Amino acid sequence: MSRPTYYITTPIYYVNDKPHIGHAYTSLACDVMARFKRMQGYDVHFLTGTDEHGQKIEQAATKAGVEPQAFTDEVSKSFRALADDMGYSHNDFIRTTEERHKAGVQALWKRLEDAGTIYEGGYEGWYAVSDEAFYNEDETEVREDGKRYAVASGKEVEWVVEPSYFFKLSAFEDRLLAHYESQPDFILPASRRNEVISFVKSGLRDLSISRTTFSWGIPVPGDEKHVMYVWLDALANYITALGFPEQGEGGQYQRFWPADLHMVGKDILRFHAIYWPAFLMAADLPLPKRVFAHGWWTNEGQKISKSLGNVIDPYALVDKYGLDQTRYFLMREVPFGNDGDFSASAMETRMNADLANAYGNLAQRVLSMIFKNCEAQMPEPGTLSAADDAILASSLACLQTVAEQMERQAFHRALEAIWALVSEANVYVDEQAPWALKKTDPERMKTVLYVMANVIRRITLLAHAFMPTSTDKLLSYLGEAKDAATSTYSHDNYADMIAPGLRIDKPSGVFPRYVASEVEG
Ligand code: MSP
């Protein structure tokens with residue numbers, strides 16, 4: 001029987017600069033989701049990549065004194081490396097300079113044209129190269145330096161006058177509003193959905209979708225003086241990566257489109273929740289099922305910016321704290337969807353309190369007791385007490401809670417639920433005190449350790465999508481095997497109990513405490 005599919009995408013990243021925490025964060029959220037869905041048995045397709053055309057990239061290449069193609073080849077590599085180094089489990093990485101993409105975008109353009117939604121005109125208005133976005137005058141402001149800026153992004157805008165093709169965006173207002181209305185979870189979180197709805201209600205203007213004043217882009221079919229607007233080019237990656245325009249039986253497009261989830265930052269929601277669905281409606285293609293807009297990180301209370309020199313380098317975090325620790329912190333600290341602040345003290349507290357103490361010690365204590373006092377074998381339990389039944393029941397129920405939260409990308413809530421179980425397990429083990437039972441009632445000690453090992457197994461299965469490496473190690477002690485079809489653990493076996501007699505290796509701790517080095521004081 002074929003498995004249900006799940007298609008999830010990250011934005012494709014601009015290659016004008018090296019990767020920072022914002023890029024790592026968007027992709028991490030997708031990775032956690034993808035891993036969780038695979039464990040649920042889905043045939044997951046997880047796409048990421050790089051956005052390589054447009055004026056901003058052309059300018060960055062010029063500044064670096066190299067041709068755009070050579071420039072993007074180089075910078076794109078660093079995004080590929082980030083994805084590998086952060087342990088992302090993507091199935092494909094698309095570059096918009098690839099042939100498969102160009103052909104697909106041109107086919108999309110032709111569909112829009114054939115549908116009568118493209119016309120030729122002239123653009124006159126404000127444009128922010130940093131955002132690659134057009135703004136209405138009332139979305140801009142003149143600041144003290146006499147220059148004009150986009151209010152939303154704070155990026156400088158310039159007045160642009162040039163011939164241009166337009167997309168009849170204004171014709172899609174009603175259909176878009178009807179879609180938001182009938183699919184309340186199309187845009188999440190709800191606060192962002194409301195923003196999009198009021199923006200569309202305030203009236204949409206037709207969108208300029210080609211430029212003539214620079215050439216680093218995909219040529220407009222039939223009119224090569226024009227290159228396509230980089231957002232039309234970029235958004236199409238979600239289908240060109242699946243082989244569009246090829247839509248035949250058995251192909252990836254047919255298997256995975258429409259996407260289940262486009263994960264984006266709040267700054268690029270408008271493109272994904274308004275332009276992209278309108279393009280798809282015009283081309284008579286199905287719309288993605290959900291666009292989720294997450295918030296932005298600040299650093300120790302300050303907006304992150306190159307000029308302030310406080311950009312957070314994901315590699316530095318991983319070097320200092322560890323990969324799984326960094327992943328845990330980013331997903332746990334801030335309600336997903338809200339803005340959040342990175343601070344070293346919050347990171348260190350989470351690492352020590354949640355990971356090293358609450359979870360790591362618990363697992364280490366129980367596994368080493370089994371190793372030392374039960375001849376390195378999973379003990380045979382006796383009759384279960386009410387306390388045993390209660391903790392096992394909580395661990396069983398936790399799967400459902402976590403799955404519900406994940407379904408809405410409430411990653412922080414999913415982790416809260418898992419850590420509520422970790423606390424309950426700590427209370428249980430303190431009350432049962434197996435170390436004392438060793439002398440007074442060794443049979444009861446075995447039962448307690450057996451119950452705990454099972455609870456730890458379930459906690460670890462739930463934490464796996466968030467912290468794949470450390471949990472792999474813990475699960476290997478508990479004899480858990482990966483499923484051949486999904487190459488990961490399966491939630492189907494979640495309720496199973498570990499076979500008594502299973503041999504366990506000498507455990508070593510997987511969540512070290514963070515101790516500030518002397519240099520830092
Ligand atoms: N190329 C476009 C996306 C095209 S998708 C068809 C783009 N690229 S980007 O390189 O600027 O990366 C964007 C992603 O990084 C966005 O999701 C954005 O929200 C995220 N972040 C950039 N800075 C961020 C923070 N300080 N905090 C969290 N995420 C941030 O936009």
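This is a predicted model, so every value here is computed, not measured. Both ligands and their constituent atoms are indexed starting at 1 by order of listing.
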**Message:** What I want to check is whether the side chains of Ser89 and Arg38 have a donor and an acceptor closer together than 3.5 Å.
**Reply:** yes
Anything under 3.5 Å between a donor and an acceptor, one on a side chain of residues 168-179, the other on a protein residue two or more places apart or in another chain? List them.
| residue | atom | partner | partner atom | Å |
| --- | --- | --- | --- | --- |
| Lys168 | NZ | Gly116 | O | 3.1 |
| Ser170 | OG | Asp206 | OD1 | 2.6 |
| Glu173 | OE2 | Leu204 | N | 2.8 |

**Asked** Please, which pairs that meet salt bridge (Lys or Arg N to Asp or Glu O under 4.0 Å) have at least one residue in residues 401-420, sequence neighbours excluded?
**Response** Lys37-Glu407, Asp185-Arg408
**Message:** Counting the benzene-type ring for Trp, do Tyr238 and His272 have ring centres under 6.0 Å apart?
**Reply:** yes
**Item:** Atom pair OG1 (Thr97) and CD (Glu52), whose distance is rounded to the nearest 0.5 Å
**Value:** 3.5 Å
Could you check ligand 1 for N or O atoms lying under 3.5 Å from protein N or O atoms and list the pairs with distances?
| residue | atom | partner | partner atom | Å |
| --- | --- | --- | --- | --- |
| ligand 1 | 1 (N) | Ile12 | O | 2.8 |
| ligand 1 | 1 (N) | Asp51 | OD2 | 2.7 |
| ligand 1 | 10 (O) | Tyr14 | N | 3.0 |
| ligand 1 | 10 (O) | His23 | NE2 | 3.3 |
| ligand 1 | 17 (O) | Thr26 | OG1 | 3.4 |
| ligand 1 | 17 (O) | Gly265 | N | 2.9 |
| ligand 1 | 19 (O) | Asp267 | OD1 | 2.6 |
| ligand 1 | 19 (O) | Trp296 | NE1 | 3.2 |
| ligand 1 | 26 (N) | Trp297 | O | 3.3 |
| ligand 1 | 27 (N) | Trp297 | N | 2.9 |

**Fill in**
In short, salt bridge (Lys or Arg N to Asp or Glu O under 4.0 Å) pairs touching residues 294-318 with sequence neighbours left out are Asp17-Lys306
